[in-house]
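Structure first, then comments.
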Amino acid sequence: MGINLATLAPPSFASLPTPFSALKELQIDKFPVDWILEVLKVVQSPELSHIRISRVIYSGKDGDFCEVIASRSTWRRSIRSIELSFCELSSREIEHLLAGAWPRLQQLHCVQHALHTATHTATLRSLISFSKHCPDLKYLNIPLDANQIPPLVDAPSVSLDQDSTTDVKPILVVRAFPFHQIPDAASLADFLLGVFPRVRPHIHCVLSTPSLEELIWEGACKIVNARLGRASGEEAIPWNWRG
């Protein structure tokens, strides 16, 4: 069972099937944040595996949006794929709420507005959180600020010699915003390989002309691919919110 709430006037809850006990997919597009929160609070399906929320209409009362979506205990082990497009998530929400919310998560896709360069990006520490809490992760697309490279003491210990069927090797698609100072490409590549030893990193440029930060990310991606024996031009697998 799936529900797609398209760009229409919000329907009354009386007309919707409740308590959504068999819901597997939920799509919400261009609705006010307070109404979305009410929908999320109603959904109690232990089978919900795919959520897609995009173009949220904010009203200044959106402080608990991420808390609600990450705190539903009935979804905890069923969620496989989350897409949050043009949702104003803070770095704290990405790092501390989303990374630890769903242990069976395979795909997370967060697309922010291009102008949200200061507070709506995660730090590199979030990658450590995802590697620790999401062992099945295959695809991670988040805005990243690589201004500081954290120590790897908290990262899971994974060897390149481990069986490839158990190794963590997600596709990491990075949106690196300009004006975020980044250390050298080699240090960044060392960090990525320390967190995800078989990572497939790709850089998505925000501006038409790559910024210095994006060029450093591109250099780090080339270093990672070279160390893993991959062609530097290898393309990322297209995003599919159903996995």
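All values below were derived from every heavy atom in this structure, side-chain atoms included, with hydrogens, water molecules and symmetry-related copies excluded.
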Measure the shortest side-chain to side-chain distance between [X] and [Y] over non-hydrogen atoms and say whether it is less than 4.5 angstrom.
{"X": "Ile53", "Y": "Phe31", "value": "no"}
{"X": "Arg77", "Y": "Pro103", "value": "yes"}
{"X": "Leu188", "Y": "Leu124", "value": "yes"}
{"X": "His202", "Y": "Ile171", "value": "yes"}
{"X": "Asp190", "Y": "Arg227", "value": "yes"}
{"X": "Arg104", "Y": "Arg80", "value": "yes"}
{"X": "Pro201", "Y": "Asn225", "value": "yes"}
{"X": "Leu193", "Y": "Ile223", "value": "no"}

Grouping I, L, V, M, F, W and Y whenever their side-chain heavy atoms are under 4.5 Å apart, do [X] and [Y] come out in a common cluster?
{"X": "Trp102", "Y": "Leu26", "answer": "yes"}
{"X": "Leu215", "Y": "Trp217", "answer": "no"}
{"X": "Leu84", "Y": "Leu97", "answer": "no"}

**Prompt:** Hey, mind stepping through Ile216 and Asp184 against side chain to side chain contact (heavy atoms under 4.5 Å, CB included) and telling me if it holds?
**Reply:** CA-CA 7 Å; Ile216 294 175; Asp184 63 283; over 6 Å; no

**Message:** The test is side chain to side chain contact (heavy atoms under 4.5 Å, CB included); show your working for Val68 and Lys41 and say whether it passes.
**Reply:** CA-CA 7 Å; Val68 170; Lys41 290 174 182 177; 4.0 Å; yes

**Request:** With side chain to side chain contact (heavy atoms under 4.5 Å, CB included) as the test, would you mind laying out the steps for Leu40 and Trp75 before giving the verdict?
**Result:** CA-CA 11 Å; Leu40 296 176; Trp75 311 346; 3.7 Å; yes

**Request:** Report the C-alpha separation of Ser126 and Leu144 in whole Å, then their side-chain angles, then the decisive distance to 0.1 Å, and conclude whether the side chain to side chain contact (heavy atoms under 4.5 Å, CB included) test is met.
**Result:** CA-CA 9 Å; Ser126 67; Leu144 276 174; 3.8 Å; yes

**Request:** Using distance alone, with no hydrogens and no angle criterion, decide if Asp29 and Ser54 have a side-chain donor and acceptor under 3.5 Å apart.
**Result:** yes

